[in-house]
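A note on names: the letters A, B, ... follow the listed sequences, proteins ahead of strands, and every chain is numbered from 1.
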Amino acid sequence: MEEEEIEKAVIAYLKKKGFKQTELAFQEEHHQHQNQQTKNSSSSISSSTDPDIAKHILSFSESENIPARYHEGYSKLRSWTYSSLDLYKHELLRVLYPVFIHCFMDLVAKGHIQEARNFFNSFREDHEMMHLRDLQKLEGVLSPSHLEEMEFAHSLRQSKVNIKICQYSYELLLQYLHKTQSITMLGVINEHINFQVSPGQPASISDDAEVVTLIGSSQDDANQINQKEIHWGLLEGSLEERLEKAGGLLSDSEKAEGEVKETDTEENKKRSAEGGKQGSSIKKLKKDKVVGAAGKTARPEANAVSMAPRVKPELALPVMPTEVEQSILEDLRNRVQLSSMALPSVSFYTFINTHNSLNCSSISHDGSLVAGGFSDSSLKVWDMSKLGQQSATSIMQGDNDLAPTEQILGTSGGKRSYTLFQGHSGPVYSATFSPLGDFILSSSADSTIRLWSTKLNANLVCYKGHNYPVWDVQFSPLGHYFASSSHDRTARIWSMDRIQPLRIMAGHLSDVDCVQWHINCNYIATGSSDKTVRLWDVQSGECVRIFIGHRSMVLSLAMSPDGQYMASGDEDGTIMMWDLSSGRCVMPLMGHMSCVWSLAFSCEGSLLASGSADSTVKLWDVTTSTKVPRSEENKSGNTSRLRSLKTLPTKSTPVYSLRFSRRNLLFAAGALSKSG
Amino acid sequence: MSIVSKETIEVIAQSIGIVNLSADVALALAPDVEYRMREVMQEAIKCMRHSKRTVLTTDDVDIALNLRNVEPIYGFTSGGPLRFKRAVGHKNLFYIDDKDLDFKDVIEAPLPKAPLDTAVVCHWLAIEGVQPAIPENAPVEVIAAPSDGKKFEQKDDGLPVDIKLPIKHVLSRELQLYFDKIIDLTVNRSDSALFKEALVSLATDSGLHPLVPYFTYFISDEVSRGLNDFNLLFALMRVVWSLLQNPHIHIEPYLHQLMPSVVTCLVAKRIGNRLADNHWELRDFTANLVASICKRFGHVYNNLQTRLTKTLLHAFLDPKRSMTQHYGAIQGLAALGPNMVRLLIVPNLEPYLRLLEPEMLLEKQKNEIKRHEAWCVYGALLRATGQSIYDRLKMFPALPSPPARVFRTNGRVVTSPPNKRKANNEHLEQQPSLKKIATDGPMDVVPTNLSSNMQPPETKGPVPSTDPDMGPSSSSRQIPHGSISDSRDRKGKGDSRAMKMSAVLTQTWRDDLKSGHLLVSLFELFGESILPFIPAPEMSLFL
């Protein structure tokens, strides 16, 4: 066949299929090629080296283009796949889904709307289990213009799907396509699927999720990004580090120990605020401490922390007042050691009478303050230390009529048990306490973020920068800086003293739903509706990792205290544990029945707590999940599936937020929902 | 195929006053409308997720419309999810019920109460990984077993009033009817054949579990109210019995509620207000009931039996209690097994009988009814101790035959007269209780008979002609005969001392001796009436 003819045929084919861009690109390239007179002509089918395929495509372009061909071709391919050898079946099945959606989109693109519908409905059941949400999106595509408009469809059309397949499966597939002369299918497969043929045995089924996920950016890009170097270690000169040194000094001198105990009791008094509850745990803590002081070398936590490498901060970090530092050191010293054997105590804050209007809640680091963001644009903060006395004082007020002075001094109303912060003009979607508990940030649908002072009970700053609702905002672990994520598909880094963002992280293909700081403040992680989690370098604003594996929108993120792992929870109730350095999923954690709203690592990183819409708090053993599979190189780590240690059901109260205090007491909050 | 059809567009166009919409326009609009709708819903779902909800509300849709720069739809805001109704005759047509309200009504209606303000309450969800069983936490049983009778516990919840309890107990109409019917039968027609059928149904039917809390409540309620109504009480106890028999009912969690009423029926001072009411029978029945409960649930509730025996023993040992109560306690203990009798009744037997004795005598107790009661108690005691001694003796290892043979002739000679007399006694004893049920008439005769007949064996017990024969014969075979003669002189205290002495004796003979002593002491107390409870071969051993 003549070169010219082939080119003409290809152009005709592209025109027919409506690939204007590809056609243009082809023609451009063709012109260049004409100059160079090279033989390589078909750019759209670069992956095919088989001359036969070219022939098929030629014959395809000549033949009538009927929607029925798609239907017929796909159903044949489908029945062939289903009857193929068991060993290779799951690999071949992976091919079906991309073929299916592209057949559908081809039909839509050519204007056969009705036929596309028929086609879609007759085969959608096959893929509903794995790709329900994608299908629901695609279902709405009803005209060629929608294909262009819809981000998801557009990105699907633009990129190729990578499918890992073993040599034999690949041959089987090619053989079948050749034999049956199903040119339509062959065309689709060549156009949209990039086979990564690997010699040897077919891969295990467990790798499925990773391989089949369709994302906008190609897998290659992701892999390339994931090659970048990241420093996941802890910050130099962190408090933990100082604690270790200080711990050595302290145990040397008895006097210092005595002082510590004194301050400890003061601390106790201060903290009896938390409903007198930490008191009991403090006793335990004391015991622990004695043990720790006696044999501090045996402390597993200290060892674990010291193992983690140290990195220098990339940001200028705020300086902490010494007295605050002291109290934090105190907390660290008195921390309960948690493990799969020693589970934490959980204090639960239940919001009642919310009338379905509570959107988010947040708990300060010491658990003494609880904030709730409401859909009526208000932010309310409860001081749990005053909770017990509050009723008494209000009675007192009524009796003695001290109200006028009290009210002026008091927050914003005599009777209220909380501090009301008003200022937003849309539902408040997120709130976060600064590490010291003196500031709160709230983000709202009015696309602003507001900074409030809990000391002054006033709004200090309004940060405008996002263009759409701000879904999430998080203070950095050391304060001063904070990150926000929005419906405008960006995440932004801010500092408290500037009203403009310092960095804008763009790259997600859909809403950025949640954001979380890395423990060393040099990175932030974002979870998105595009089902990926990304890690960004704060200094450069670059994306340094893409984590692919979730099947639905990512709702919550948590970073392990050693900075090595990250957990993310999604809409389906799946939690995934990621290794930051390799960018791979260590282990998916199944168990929740509904959205995972919140995740939290215990302070020494041995436990992961997850709170879900199914009204449970689950505790997971992290040590078995992370350490073991790493040694097994991620290959079929079924033996050490991350253990669910405990499920704590609440009384029809979905769990909105979780927080481990510095002493490892777990706080949880949620709104009592009557409808369940 | 698509959700929004061409016709829908046409209808909507007409509804807003566009009459001449061309078919092409409708055709082009339909898919686009659907696409836009899906787009809005997708955004609305995002808003829902970020409001941490799993139910879509109209607010979410409004916010989603805002995001798309579209005017929100006013007038549909509501606090909760909307309730859709299916249009009659259409499969896929839903609508929101929108009632017409009269302005006047709305204006004149009193102001609704202000909704309660949001508050935060704090509790322990877990303490070191263990959930404390406090009302704020989900009941653990919800997971363990789907027991549905949480309503009693929930009533006591110290939760603020505004919290509606999540678990609502719903009884089906059928079960309600069934319950009402059973109640009616129990209260009004407990002697009908239908009630018997009802009891069978209660004992066998599955699916009655939801009713158990109601039954237990009903029973405890009725027992506390209706102690005068004998028939009702008996019917109630029969219901309890049937419920216990039912294999499909998990009655254990309700036992704590049932037990007091059952025990009441056993040891109540007065049951029924007429003499004709055979409360003895009810007490017997209840005693068996209690015993069966103990047998079944004793291992689950460790303290069930101990608490029960304590109650019964208390009733038994308190001389101020009436005879009826004593009777109930004795029957209850007897039903719990011979061991209970041996451990709890027998040691107290001697002083008790001394108290009982005057009650039984015509001269000392003039009140016939009281005297009859005393005789009933005496009979119960005799039965209980007799059974226990029988059980005890039965456990003996088979004795070598030669000695038994040696004494056989002797034994026969000796025992035949007492046997006869015993039969008499026994007969007389059983009679009053039986006869009394039937009529009060022969009461005059029977007690006099009894007192005259029974008195000799009791009062002169140790003296009768057979006794000297028996005493030596048994003591000849046993080592500590001295103690027996001692005990005869010094009665109670000496007896127990003898028991202790014998306990010190050789281990091999201990059991044997003990029961020998037991028998002898019983014999002293009851006279020959105890003898028929002793199996012949063992009897021969002691003769």
Contacting region of A:A342 [heavy-atom separation from chain B under 4.5 Å]: neither

Backbone of A:P649 reached by a side-chain donor or acceptor of B:Q131 within 3.5 Å: yes

From B:D117 atom CG to A:I352 atom CD1, the distance as rounded to the nearest 0.5 Å: 10.0 Å

Residue pair B:T54 / A:S594, side-chain heavy-atom distance below 4.5 Å: yes

Region of B:N66 in contact with chain A, defined by heavy-atom distances below 4.5 Å: neither

Distance in Å, A:N356 CG paired with B:R53 CZ, rounded so as to fall on 0.5 Å steps: 6.0 Å

A:W597 side, atom CH2; B:K52 side, atom NZ - distance, nearest 0.5 Å: 6.5 Å

Closest heavy-atom pair and its distance - B:L116, A:H355: O-NE2, 3.4 Å

For A:L555 against B:R49, the heavy-atom pair lying closest together: CD2-CB, 4.2 Å

Considering all heavy atoms, the nearest B:G129-A:L648 contact: O-CD2, 4.2 Å

Interface residue of largest heavy-atom contact number with chain B, from A:A613, A:G670, A:C595, under 4.5 Å: A:C595

Test item: A:Y429 and B:S51 side chains (from C-beta on) under 4.5 Å apart, heavy atoms: yes

Closest non-hydrogen atom pair between A:L665 and B:W124, with its separation: CD1-CZ3, 3.7 Å

Which portion of A:Q136 sits near chain B, non-hydrogen atoms under 4.5 angstrom: backbone

Contact leader toward chain B among A:H146, A:K646, A:K137, where contacts are heavy-atom pairs under 4.5 Å: A:H146

Region of A:S598 that comes under 4.5 Å of a non-hydrogen atom in chain B: neither

Chain B contact via A:L358 - which portion, at a heavy-atom distance below 4.5 Å: backbone

Within 6.0 angstrom of A:Y468 OH, more than 12 heavy atoms from elsewhere: no

Chain A contact via B:I63 - side chain, backbone, both or neither, heavy atoms under 4.5 Å: side chain

From A:N467 atom CG to B:L67 atom CG, the distance as rounded to the nearest 0.5 Å: 12.0 Å

Criterion side chain to side chain contact (heavy atoms under 4.5 Å, CB included) on A:Y418 and B:V120, from CA distance to verdict: CA-CA 9 Å; A:Y418 52 84; B:V120 177; over 6 Å; no

Heavy-atom pair of closest approach, residues A:F374 and B:T118: CZ-CG2, 3.8 Å

Exceeds 12 heavy-atom contacts within 6.0 angstrom, atom CZ of B:F103: no

Region of A:V428 in contact with chain B, defined by heavy-atom distances below 4.5 Å: neither

For the student: nearest non-hydrogen atoms of B:L125 and A:T650, plus distance: CD1-CG2, 3.9 Å

Among B:K46, B:E43, B:R36, residue most engaged with chain A (heavy-atom pairs, under 4.5 Å): B:K46

Contact class of A:S143 relative to chain B, heavy atoms under 4.5 angstrom: neither

Segment of A:P344 engaging chain B (4.5 angstrom heavy-atom cut-off): backbone

Partner residues of B:H50 under the side-chain hydrogen bond (donor to acceptor under 3.5 Å, both in side chains) criterion, sequence neighbours left out: A:D513

Nearest-0.5 Å distance, SG of residue B:C47 to CH2 of residue A:W471: 4.0 Å

